[in-house]
A.B. asks: 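The structure is given below, and queries will be raised subsequently.
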Amino acid sequence: MSVSDSLIVSRLRAAGCVFAEDEARLLMSTARTPDELAAMVDRRVAGLPLEQVLGWAEFCGLRIIVAPGVFVPRRRTEFLVRQAALLARGADAPRPRGEGVARPGVVIVDLCCGAGAIGAALAAAVDRADVHAADIDQAAVRCARRNLPGPWGHVYQGDLYEPLPGRLRGRVSLLVANVPYVPTGEIGFLPPEARAHEPRVALDGGADGLDVLRRVAAGAAEWLAPGGHLLIETSKRQAPSAQAAFAASALAAWVASSVDPDGTVVIGRLPADRET
């Protein structure tokens with residue numbers, strides 16, 4: 001490591017970056033000029049999330065474009081992607097030997113999509129997926145449109161189901177959402193990177209953290225195909241209440257959890273005999 005490299009590591013460590021050496025390597029490998037590197041280090045030292053400084057976040061083996069002010073996808077959300085991909089591939093039902101790994105024309109909707117990380121990961125994991133994503137934040141939608149290009153990616157701006165094309169009603173195989181689920185009173189305990197540099201609308205879930213989850217669950221039956229699934233990330237503490245919200249919306253619900261990454265996902269299934 002050169003003297004200049006050591007100085008970068010020292011500055012990052014002094015700013016509280018726990019993995020200063022790793023961050024320094026990423027910054028140096030991403031910057032195209034010394035001046036750009038200096039500016040990137042300055043932004044990181046000032047407290048911007050590393051991913052916003054780099055312009056991308058690693059998620060499910062993909063580089064997801066992330067702009068300043070946009071919610072950074074978390075590693076724990078990879079667990080939601082894995083659960084959704086298993087369902088899309090038909091892992092929840094026996095398949096004859098030699099059958100393809102994905103149902104033809106799987107329609108996937110990613111609500112509260114942020115930069116589109118979940119949708120992009122599922123598009124990469126599920127053969128012939130038709131992915132639709134929506135978010136209320138304009139900056140997030142701009143990123144999602146770069147991460148979910150056509151013809152298989154479709155991104156809309158608006159509140160939850162409102163911007164989705166009507167032709168998707170009753171046809172969605174997988175409805176996934178990483179809704180904001182931090183209780184309003186706990187926003188102040190989040191790391192400064194999140195509080196200062198991510199949109200509050202992507203974090204604040206209301207008094208108990210489940211306001212948006214309940215809205216998504218309440219509308220799911222209208223959009224899911226019979227036998228389709230809704231998956232939403234939440235916390236272990238909130239999971240029982242979230243499961244009850246799913247059940248109140250005519251979804252058979254259960255909770256899946258993971259240790260590495262530490263993730264909790266509530267999964268609901270619309271009965272196959274449900275009329276839409």
Side-chain angles (χ1 to χ4, degrees), residues 69-74 76-81 83-84 108-119 121-122 131-141 143-144 148 155-164 168-169 172 174-191 194-195 197-224 228-251 253-257 263-270:
V70 173
F71 181 82
V72 176
R74 306 323 196 224
R76 63 175 171 268
T77 307
E78 294 182 357
F79 177 63
L80 184 153
V81 171
Q83 295 298 302
I108 298 172
V109 169
D110 178 7
L111 293 183
C112 303
C113 70
I118 296 174
L122 287 172
V131 181
H132 299 258
D135 199 283
I136 199 169
D137 182 76
Q138 186 177 37
V141 166
C143 288
L148 282 164
V155 181
Y156 317 94
Q157 183 178 354
D159 184 31
L160 299 183
Y161 301 101
E162 178 269 328
L164 297 179
L168 296 182
R169 284 190 174 88
V172 178
L174 281 178
L175 178 57
V176 296
N178 185 15
V179 302
Y181 59 88
V182 180
T184 302
E186 298 179 17
I187 294 290
F189 299 109
L190 291 174
R195 293 199 316 268
H197 300 289
E198 293 182 328
R200 179 140 182 160
V201 69
L203 304 170
D204 192 340
D208 66 351
L210 298 177
D211 283 1
V212 183
L213 181 146
R214 291 189 184 93
R215 292 179 57 208
V216 172
E222 179 182 354
W223 294 88
L224 287 173
H229 292 86
L230 169 66
L231 299 91
I232 302 183
E233 178 178 296
T234 188
S235 70
K236 290 180 181 178
R237 181 185 66 187
Q238 295 164 316
S241 296
Q243 188 174 356
F246 277 43
S249 300
L251 301 174
W254 64 97
V255 178
S257 59
T264 301
V265 176
V266 180
I267 304 173
R269 181 177 183 272
L270 188 68

A.B. asks: Do the side chain of Ser249 and the main chain of Ala217 share a donor and acceptor less than 3.5 angstrom apart?
C.D. replies: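 Side chain of Ser249 to backbone of Ala217: a pair is present.
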A.B. asks: Would the distance check show the side chain of Arg195 and the main-chain N or O of Leu190 forming a donor-acceptor pair, the cut-off being under 3.5 Å?
C.D. replies: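 Yes, because the side chain of Arg195 sits within donor-acceptor range (under 3.5 Å) of the backbone of Leu190.
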A.B. asks: How far does CG of Asn178 sit from OG1 of Thr234, to the nearest 0.5 angstrom?
C.D. replies: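 It comes to 10.0 Å.
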A.B. asks: Within a strict 4.5 Å, meaning less than it, do heavy atoms of the Pro191 and His197 side chains meet?
C.D. replies: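 Answer no - side chains too far apart.
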A.B. asks: Please round to the nearest 0.5 Å and tell me the distance separating atom SG of Cys113 and atom CG of Leu148.
C.D. replies: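 Output value for this atom pair is 7.0 Å.
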A.B. asks: Are Phe246 and Leu213 side-chain neighbours, meaning at least one heavy-atom pair lies under 4.5 Å?
C.D. replies: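 A side-chain contact under 4.5 Å exists here.
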A.B. asks: At what distance, to the nearest 0.5 angstrom, does SG of Cys112 lie from CG of Asp135?
C.D. replies: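 Rounded to the nearest 0.5 Å, the SG-CG separation comes to 6.5 Å.
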A.B. asks: Would you call Arg215 and Glu162 a salt bridge, using N to O less than 4.0 angstrom?
C.D. replies: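 Looking at Arg215 and Glu162, the cut-off is not met.
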A.B. asks: Nearest 0.5 Å, please: how far is CG in Leu122 from CG in Leu231?
C.D. replies: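 Those atoms lie 9.0 Å apart.
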A.B. asks: Going through the distances and angles, do Val172 and Ile108 end up as a side chain to side chain contact (heavy atoms under 4.5 Å, CB included)?
C.D. replies: CA-CA 6 Å; Val172 178; Ile108 298 172; over 6 Å; no
A.B. asks: Using the test side-chain hydrogen bond (donor to acceptor under 3.5 Å, both in side chains), find all partners of Asp204 that sit at least two apart in sequence or belong to another chain.
C.D. replies: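 Asp204: side-chain hydrogen bond (donor to acceptor under 3.5 Å, both in side chains) contacts with Thr184, Arg200.
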A.B. asks: Would the distance check show the side chain of Gln243 and the main-chain N or O of Ala253 forming a donor-acceptor pair, the cut-off being under 3.5 Å?
C.D. replies: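 Yes, because the side chain of Gln243 sits within donor-acceptor range (under 3.5 Å) of the backbone of Ala253.
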A.B. asks: Could you pull out all residues at least two apart from Asp211 that satisfy side-chain hydrogen bond (donor to acceptor under 3.5 Å, both in side chains)?
C.D. replies: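 Partners of Asp211 under the side-chain hydrogen bond (donor to acceptor under 3.5 Å, both in side chains) test: none.
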A.B. asks: Taking side-chain contact (heavy atoms from CB on, under 4.5 Å) as the criterion, tell me which of Val266, Val176, Ile267, Val216 meets it with Leu230.
C.D. replies: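 Result for side-chain contact (heavy atoms from CB on, under 4.5 Å) with Leu230: Val216.
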A.B. asks: Do Ile136 and Val201 come within less than 4.5 Å of each other through their side chains, counting heavy atoms only?
C.D. replies: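 Result yes, sub-4.5 Å side-chain heavy-atom pair found.
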A.B. asks: Are Val255 and Thr264 close enough that some pair of their side-chain heavy atoms sits under 4.5 Å apart?
C.D. replies: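 Side chain of Val255 against side chain of Thr264, heavy atoms only: contact under 4.5 Å found.
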A.B. asks: From Arg169 CZ over to Leu224 CG, what is the distance, rounded to the nearest 0.5 angstrom?
C.D. replies: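 Rounded to the nearest 0.5 Å, the CZ-CG separation comes to 13.0 Å.
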A.B. asks: Would a 4.5 Å heavy-atom cut-off, applied to side chains only, mark Phe71 and Asp137 as touching?
C.D. replies: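 Phe71 vs Asp137: side chains apart.
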A.B. asks: Any side-chain donor-acceptor pair under 3.5 Å between Tyr181 and Glu233?
C.D. replies: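 Their side chains do contain a donor-acceptor pair, which is all the 3.5 Å distance test asks for.
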A.B. asks: With sequence neighbours excluded, tell me which residues meet side-chain hydrogen bond (donor to acceptor under 3.5 Å, both in side chains) with Tyr156.
C.D. replies: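 Once residues adjacent in sequence are excluded, the partners of Tyr156 under the side-chain hydrogen bond (donor to acceptor under 3.5 Å, both in side chains) criterion are His132.
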A.B. asks: If we only count heavy atoms from C-beta on, is the Leu111 to Val179 side-chain gap below 4.5 Å?
C.D. replies: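 With C-beta onward as the side chain, the pair stays apart.
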A.B. asks: Are the side chain of Asp110 and the backbone N or O of Gly119 linked by a donor-acceptor pair below 3.5 Å?
C.D. replies: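 At least one qualifying donor-acceptor pair exists.
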A.B. asks: Taking the side chain as C-beta and beyond, is there a heavy-atom pair between Glu222 and Leu270 under 4.5 Å?
C.D. replies: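 SC-SC contact between Glu222 and Leu270 ruled out.
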A.B. asks: Is Leu174 close to Val109 at the side-chain level, that is, under 4.5 Å between some pair of heavy atoms?
C.D. replies: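 No; the side chains remain at least 4.5 Å from each other.
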A.B. asks: Side chains of Gln238 and Ser235: is there a donor and an acceptor less than 3.5 Å apart?
C.D. replies: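 Yes.
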